[in-house]
Amino acid sequence: MSVAVSALVASMAGTEAIAGGVPLELPVIVVTGSGVQPVLASSATEGSVTSEQLAQRPTSRAGELLEFVPGLMVTQHSGEGKANQYFLRGFNLDHGTDFYTEVDGVPVNMRSHAHGQGYADINFVIRDLIGSLDYRKGPYFAEAGDFATAGSAQLRYVDSLPENIARVSVGEFGYQSALLAGSPSLLGGTLLLGGEASRYDGPFDLSQDIRKLSTVARYHQGDDRDGITASLMTYRIDYNAPDQIPLRAVEQGLIGRRGFIDPSDGGDVRRYSASIDLRRSAGETGHWHAQAYALRYRMDLYSNFTYFLNDPVNGDQFNQLDDRHVYGVNLSRYWQLPTPIRSDLTIGLQSRYDDIKPVGLYLTQARQRLSTVREDQVRQGSAALYASSNQQWTPWLRSQVGLRADAYTFDVDSDTVQNSGEDRATLLSPKLALIATPTPGTRVFLNYGEGFHSNDARGVTSRIDPTDGSTPLQPVDALVKQRGAEIGVSTLLLPQLSLVASLWRLNSDSELVYVGDAGNTEASGASRRRGIELAMYYSPLSWLTLDLDYAYAHARLDSEDGNRIPNSIGGVFGAGLAIAETRGWSGGLRLRYLGGGPLVEDNSARSPSTTVVNGQVGYRCRQRYQVSLQVLNLLNSGDNDITYFYESRLPGEPAEGVPDFHFHPLEPRQVRAMLSIGF
């Protein structure tokens, strides 16, 4: 029996968790190989993954780290320098809306972003230095606010390394990567220093010419209850983007499946952040936590999805510019309460301020500006106060109640006077969880929670369509209420076999989304989603773990014209095996299946399914040297990474354009080799 499964058995047999000095049945997560198993959690669909499990799964991009969240799939419709596309619980999360992500406590999602609300680009992460990934699904947690209704993930860098490492990777299609990292002792703590540089041309007819550099400097002292962590992160990338292409161009022989229409698409990103995290014990009955961060971010993105539909002479390329500073402070205090039943209380304050100067949309040709669609300066602030309390009523029954209050301010200075303005919004979000333990090996969870996502500040204040300067627009609600409920169970079927299952429902008052490609906000009406999720983890040997996860979502709009939600995916499936290092050998194999889904509201066009298998094997020699081989798209699948359906126009086609499927193909099978040296 593996160590992880042994711990799982012990916890389910009655071991109590200590949280802030209180012997309550609070969240304790056990990781089994490449899978994750919540034991004493607040919902069935939360968990944690450690660096060992992260290393055992083959991935081709940083965004695929999030696929450790069961049911979440990551794709790409453009070059690898752009934020990934995410799918979870019937959401096409676009580049992040309704899924909140943070790295070392610094938020990744960008409000009122030039390319889309909630834009979440984690390409800056150095994958090999991530120490843990914690995830939650559903709006059931008081400390989770904007963008967190479908789920959230918190990535954290390692506190220290067992030894300094130097790593070089090479692969097909011009892939090159080098990593250097170490963690020397300093002033009673450890200083993590790491840098990764990479280049990648890619398999497409248009070379991506990716040049990326990420660095991290992180000082850590103490533990989770008493200590300090301070970090600096930098990231820069320049790239070309082989965007999605029209199917008809391939069928007519104008381009190949890896072809392109506009060779000047692409962009660059610069991201710099600093944060400090303080933790102090307040005796045996509590502790407090304080964090502050500052972020400097700039993105220049050039895209052309409709080619010559709007401008038959210059083409339809546009430039989205986002240049901002972000500041935030988070505080929380934990108490053990002197009540007849064992209970606790956490109160927290979260604040964030985005100063965006400017956020702009411009028409371009070959990255040269032709005109301005709109250019705005946005100042957006928020503050939230939340409270959460756990109660242990009996040895087999506990509860968690929470309440969150959010307040937002929006201030937009637009180049179109009618689209300037200010607005304020507030929202209360209650939370409730009941957790029963009918048998020592089983937990049953009942959850209810209300959450929200914010809308782009420009949509909140806009009254005139910026594309023509005359068509009236109706301002949208600043905050969109969402309500979710879930029943779940986690159970140990055998000492080596565990199962997690859940039924969930999520209603949204609006599918309002700011469309950065058009410079305005589209309203799709209210929506309803429900689904089922299953995950199974089996560890027959101490060094081998198998995992399966399946998720199905039924997503519908409250609309008479067509009730399908475009790009909402019904079924997803993942399966894998992980081999922990034994006699020097380690490895992993992963299959991921993304089902088809509607591409338009009336379901007349649907995307095909996608299946891909990745694998890797590694061998460690003399403890210091490790060689590994990674094979991506092992079966050389010719499926699409993502598919859309809309109108576009190629030269010589009718002025009104041609409705067509547009797709971005999977990258073909490729091999990457890595040599790592510890010193």
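As the structure is a prediction and not an experimental result, all values here were calculated from the model.
A distance below 6.0 Å separates the ring centres of F645 and F661. Separation of the F305 and H662 ring centroids does not fall under the 6.0 Å cut-off. Checked against a 6.0 Å centroid threshold, the rings of F318 and H115 do not count as neighbours.
Atom OG of S508 is separated from atom CD1 of I565 by 8.5 Å, given to the nearest 0.5 angstrom. Going from atom CD1 of I356 over to atom CZ of R324 covers 3.5 Å, rounded to the nearest 0.5 Å. Rounding to the nearest 0.5 angstrom, the gap separating the CZ atom in R257 from the CD1 atom in I245 is 7.5 Å. Between atom CG of residue D98 and atom CG of residue L506 there is a gap of 8.0 Å, rounded to the nearest 0.5 Å.
Checking R111 against S382 by side-chain atom types alone, a donor-acceptor pair falls below 3.5 Å. Side chain to side chain, N447 and S43 fail the donor-acceptor criterion of an N or O pair below 3.5 Å. Between the side chains of R248 and S648, a donor-acceptor pair is found at a separation under 3.5 Å. Side-chain atoms of N507 and Q482 form no donor-acceptor pair, as typed in the model, at a separation below 3.5 Å. Y408 and D146 share a side-chain donor-acceptor pair at under 3.5 Å. Side-chain contact annotation: E102 with Y100, donor-acceptor N/O pair under 3.5 Å present. If you check the side chains of S454 and Q117, you find a donor sitting under 3.5 Å from an acceptor. With no hydrogens or angles considered, a side-chain donor-acceptor pair links D265 and Q317 at under 3.5 Å.
Between N640 and S607 the shortest side-chain heavy-atom distance does not fall below 4.5 Å. Residues Q154 and Y135 have side chains not in contact (no heavy-atom distance under 4.5 Å, counting atoms from C-beta outward). Two residues are said to be in side-chain contact when any heavy atoms from C-beta on lie closer than 4.5 Å; V103 and V125 meet this criterion. A heavy-atom distance below 4.5 Å is not found between the side chains of F452 and K481. Counting heavy atoms from C-beta on, the side chains of H664 and S78 never come closer than 4.5 Å. Between T45 and E533, the closest side-chain pair of non-hydrogen atoms falls below 4.5 Å. Proximity of Y537 to L546: side-chain heavy atoms (C-beta onward) are nowhere separated by under 4.5 Å. Looking at R483 and T149, their side chains never come closer than 4.5 Å, going by heavy atoms from C-beta outward.
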Using the salt bridge (charged side-chain N to carboxylate O under 4.0 Å, His left out) rule, take R57 and E67 through it: C-alpha gap first, then chi angles, then the decisive distance, then the call.
CA-CA 10 Å; R57 181 178 296 188; E67 289 192 352; 5.4 Å; no
Please test D549 against R590 for salt bridge (charged side-chain N to carboxylate O under 4.0 Å, His left out), starting from the C-alpha separation and ending with a verdict.
CA-CA 12 Å; D549 68 80; R590 187 72 184 173; 3.0 Å; yes
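Closest heavy-atom contact between V359 and D322: CG2-OD2, 4.1 Å. D456 and S112 get closest at one heavy-atom pair: OD2-CA, 2.9 Å.
With respect to R61 and E64, a salt bridge is recorded, a charged nitrogen being found less than 4.0 Å from a carboxylate O. Using a 4.0 Å cut-off between a side-chain N of Lys or Arg and a carboxylate O of Asp or Glu, R404 and D406 qualify as a salt bridge. We find that D121 and K82 are not joined by a salt bridge, their nearest charged nitrogen and carboxylate oxygen being 4.0 Å or further apart.
In this structure, R89 is positioned above the aromatic face of W504, its NZ or CZ under 6.0 Å from the six-membered ring centre and within 45° of the axis. A cation-pi arrangement is present between R136 and F141 under the rule of less than 6.0 angstrom and at most 45 degrees off the ring axis.
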